[in-house]
Amino acid sequence: MARIVGGVGTSHVPAIGAASDNDKTGDDYWAPLFAGYGPAREWIRRVDPDVAIIVYNDHATAFSLQLIPTFGLGMGSEYPPADEGYGPRRVPMVHGDEKLSWHLAESLVVNDEIDITFVNDLHVDHGLTVPLTIMCDRPEEWPFRVIPLAVNVIQYPQPTGHRCLELGRAIRRAVESYPEDLRVVVFGTGGMSHQLQGERAGLINREFDLAFLDRLVADPDGQAAVPHVDYLRQAGSEGLELIMWLVMRGALGGDVREVYRHYHVPASNTAAGLIVLEPVGDKG
Amino acid sequence: MARIVGGVGTSHVPAIGAASDNDKTGDDYWAPLFAGYGPAREWIRRVDPDVAIIVYNDHATAFSLQLIPTFGLGMGSEYPPADEGYGPRRVPMVHGDEKLSWHLAESLVVNDEIDITFVNDLHVDHGLTVPLTIMCDRPEEWPFRVIPLAVNVIQYPQPTGHRCLELGRAIRRAVESYPEDLRVVVFGTGGMSHQLQGERAGLINREFDLAFLDRLVADPDGQAAVPHVDYLRQAGSEGLELIMWLVMRGALGGDVREVYRHYHVPASNTAAGLIVLEPVGDKG
Amino acid sequence: MSPPTDTTTKPWDDIPGTYVQDGDHYRRGYRLNMLLMTLNTEEGRRAFAADEAGSLDRAGVTPEQKRAVLDRDWLAMLRLGANVYYLLKLAAHDRVSVQHMAGSMSGISEQEFIDMMVSGGRSPEGNLYTDATEGGS
Amino acid sequence: MSPPTDTTTKPWDDIPGTYVQDGDHYRRGYRLNMLLMTLNTEEGRRAFAADEAGSLDRAGVTPEQKRAVLDRDWLAMLRLGANVYYLLKLAAHDRVSVQHMAGSMSGISEQEFIDMMVSGGRSPEGNLYTDATEGGS
Ligand SMILES: [Fe+3]
Ligand SMILES: [Fe+3]
């Protein structure tokens, strides 16, 4: 039986990927951030997952205003890194797990009435590949298969925090009903506080971010009830990406153990956060 | 305040559109079918809606296996008739209602946690245009605006009957919370029993179809609990399209009055059904 | 995309002569269906008509799928992963009727199929379960 | 697509200096954003670089949007419906940094913006409500 052995919440700032790709992780600007990634990288090596379900948002790359899925689930066998303006990142091909994707789709739609959009041909942007870099550094091949789950966080109306948490819980049920013996990790990505636009660009809210991390661990239902306008106001317009961490949290079940936390300002225009969680009662 | 003044369930067989487009509605083969459309056309002229929300499925036209939304809501101002192999049908442009689309999206996602895919550029195929022909004949311009709502009925896993009914109920709440004074009709399209494929092609199940119509009117929750395999088995593989009628039924609220019913075999390979419903307590 | 085999039992396995578009069918037919999808445009239809074999090769379909398309073996295409809604694009391209295609799949002529439909269609009786015992399964 | 005006009040109206991608913004910026989307491909970037004005005309953007793009007036583009994730494609095309773009929108230089971020970013204090009374609204 498959099971969820851990969860990762992490920012997915493009500049973090660029710093890694361009050998700048030792620079004064980047060294403190990357130093904090060490323990998380050790953790995931130890946990050694077979598959990561990466909850992320596409940034006008695979999707545009022409078509915006609330929840887009990757069904493919390969997800090439996308060209976002500079040509594709030179990182390994992202390999999928079609069988598990179909199982997830079936369980989510039939058992939990989540209205998934099935996406086969999907180029994945920094929202998905930067978290891989953060957790895995620069391997020849990514050490696990990946199922992308793209969430609309850009276009109002975004799914509610409650819905994101429920999606996570449905993912947990789906994984636990999969007959193969797989170790699955779920990533929630994006955030933390940042605003890239407008006269208020550059907003950082450390207090909000740290409170979010605390409540994510201890009171996910409470955090899921926070209305979107509070994120926009307190965490910046792009800080709303944090709702994707609720999907990850839901997938971990009731109580969790906080394995590791890292918080650093700035990564480019963003407060970079990282949290590693394990479900209580499960061994990694 | 906008309100839902009626519902239409109807087959959307391409050959019905072709018969209309090619002036064959008086032929022996087609005359009995089209004769039965008269009272429904009179009804919709009398009801004179401002907008029709047309629940239909795309037939490998706007969507392909590359990307399959469970529920795709049209957000555009125009939906051109699509080329499905013979060039586009020569029927009028389908005009949308962007403001109502955005209101629906907001209400469905935020209030009812339906995970809509927003679709702007959408060419509409026979699934949407044939019902317009059935209800409106061949006008210079369609007499009302249209909001397409595309449901995945082709690719397993399809949304459950229960989910379809709940989507309809959420549409009702959305329409009733719209400040403009609009008269809205909802179409559920597809079906009835038919199977276009395999050694069992040509299956027609009159008994199933008529029982479906009865329960759609009197016991929608009971009909919504029927598992998909029963449709596949009893109504043919393409008969599963009937779940879209449940969306329409949900949008009409509790009790309904059956205004009109028509049933004819065959339209091409299909049992053609038509039902007109009004919410009880509302005047058309 | 690896060609899948159906390994699990499914609730529709005992429906006779019916091919359900599930995940296995999806994966089996992906490339073939995406090729058929190109017939939605005039440009795609011209390209296919000009060089069917080459179009099939470029689409990366299997040799069996290619053979089935070139032979217009509708049942074989279906079994090899084609979806009926995509096959209708090929029927439109060939200017053959749905009745021709459906008749071919069910082993009768176009006219026999039309006559069957006019007489009320294929009866559910004996056609709901593979073992032909109604209510079985 | 008719250019919309914002007629309803929204819960985020009192957040200062923030442009929310709602339905009105979507409709206002649709064509402009779809043009910016073309910068995702090498081909699109070449076409835009070769003839910016012509690309904008062909995309059907408004004269105000065209002017804002040609002038690289980032705040004007935003106000006229551009979305920041789409604007980042133009920043990438121009090889200017996010800090340059964000600084331009907030009225400071790239270096000033970088320095502000290194010092912990723009403070929430006084920046959560337009009337600058924390907890108001
Ligand atoms: Fe992001
Ligand atoms: Fe259909």
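Everything numeric in this text was worked out from a predicted model, so none of it was measured. Reminder, nothing fancy here: chain letters follow the sequence lines and each chain counts from 1.
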### Message
Measuring only between side-chain heavy atoms, which start at C-beta, is C/M105 closer than 4.5 Å to B/L196?
### Response
no

### Task
For B/T61 and C/K89, run side-chain contact (heavy atoms from CB on, under 4.5 Å): C-alpha distance rounded to whole Å, both residues' side-chain angles, the deciding distance at 0.1 Å, then the answer.
CA-CA 10 Å; B/T61 307; C/K89 316 290 178 186; 3.5 Å; yes

### Query
At what distance, to the nearest 0.5 angstrom, does OH of B/Y156 lie from CG of C/D24?
11.0 Å

### Task
Report yes if some heavy atom in the side chain of B/R233 is under 4.5 Å from a heavy atom in the side chain of C/W12; otherwise report no.
no

### Summary
Taken to the nearest 0.5 Å, the spacing of B/H59 NE2 from C/Y85 OH works out to 4.5 Å

### Query
Heavy-atom count around B/N22 CG within 6.0 Å, excluding the residue itself: above 12?
yes

### Query
Between B/Q155 (side chain) and C/Y26 (backbone), is there a donor-acceptor pair under 3.5 Å?
no

### Contacting moiety of C/M34, where chain B heavy atoms sit under 4.5 Å
side chain

#### Entry: Basic-acidic side-chain contact under 4.0 Å: B/E199, C/R79
yes

### Query
In this structure, are over 12 heavy atoms from other groups packed under 6.0 Å from B/E207 atom CD?
no

### Summary
Applying a strict 4.5 Å limit to non-hydrogen atoms, the region of C/N33 in contact with chain B is side chain

### Message
Using a 4.5 Å heavy-atom cutoff, which residues in residues 42-51 of chain C come close to chain B?
### Response
C/E42, C/R45

### Message
Tell me the closest heavy-atom pair linking B/N269 and C/Q99, and the distance in Å.
### Response
OD1-NE2, 3.3 Å

## Note on the structure
Filtered by a 4.5 Å non-hydrogen cutoff, the part of residues 210-231 of chain B contacting chain C is B/V229

#### Entry: Minimum heavy-atom distance between B/I204 and C/G121, given as atom pair plus value
CG1-CA, 3.7 Å

### Task
Starting at CD of B/E238, measure out to CD of C/Q21 and round the result to the nearest 0.5 Å.
10.0 Å

### Query
B/L203 and C/S123: which non-hydrogen atoms are nearest, and at how many Å?
CD1-O, 3.7 Å

#### Entry: Residue-level contacts of residues 106-116 of chain C with chain B, using a heavy-atom cutoff under 4.5 Å
C/S106, C/F113, C/M116

### Query
By a 4.5 Å heavy-atom criterion (distance strictly below it), what part of B/Q195 contacts chain C: side chain, backbone, both, or neither?
side chain

### Summary
Given C/V118, C/T18, C/L78, the one with more heavy-atom pairs under 4.5 angstrom with chain B than any other is C/T18

### Message
Quick check on B/Y29 against chain C: is it the side chain, the backbone, both or neither that has a heavy atom closer than 4.5 Å?
### Response
side chain

### Message
Take a 6.0 Å sphere around CZ of C/R95 and say whether it holds more than 12 heavy atoms from other residues, nucleotides or ligands.
### Response
yes

### Query
More than 12 non-hydrogen atoms from neighbouring residues, nucleotides or ligands closer than 6.0 Å to CZ on B/R206, yes or no?
no

### Task
Let me know if C/S119 has heavy atoms under 4.5 Å from chain B in its side chain, its backbone, both or neither.
neither

### Query
If you count heavy-atom pairs under 4.5 Å with chain C, which of B/G236, B/P14, B/G85 comes out on top?
B/G85

### Query
chain C: which of B/A271, B/P157, B/A60 shares the most heavy-atom pairs with it under 4.5 Å?
B/A60

May I have the list of side-chain donor-acceptor pairs in residues 62-75 of chain B shorter than 3.5 Å, sequence neighbours left out?
from	atom 1	to	atom 2	distance (Å)
B/S64	OG	B/Q66	N	3.1
B/Q66	NE2	A/D121	OD2	3.0
B/T70	OG1	A/I116	O	2.5

### Message
At a 4.5 Å cut-off on heavy atoms, which part of C/L39 comes close to chain B: side chain, backbone, both, or neither?
### Response
backbone

### Query
Looking at CD of B/Q234 and CG of C/L128, how far apart are the two atoms once the value is rounded to the nearest 0.5 Å?
5.0 Å

### Query
For B/T270, is it the side chain, the backbone, both, or neither that has a heavy atom closer than 4.5 Å to a heavy atom of chain C?
backbone

#### Entry: Between CG on residue C/L88 and CD on residue B/E84, distance to nearest 0.5 Å
9.5 Å

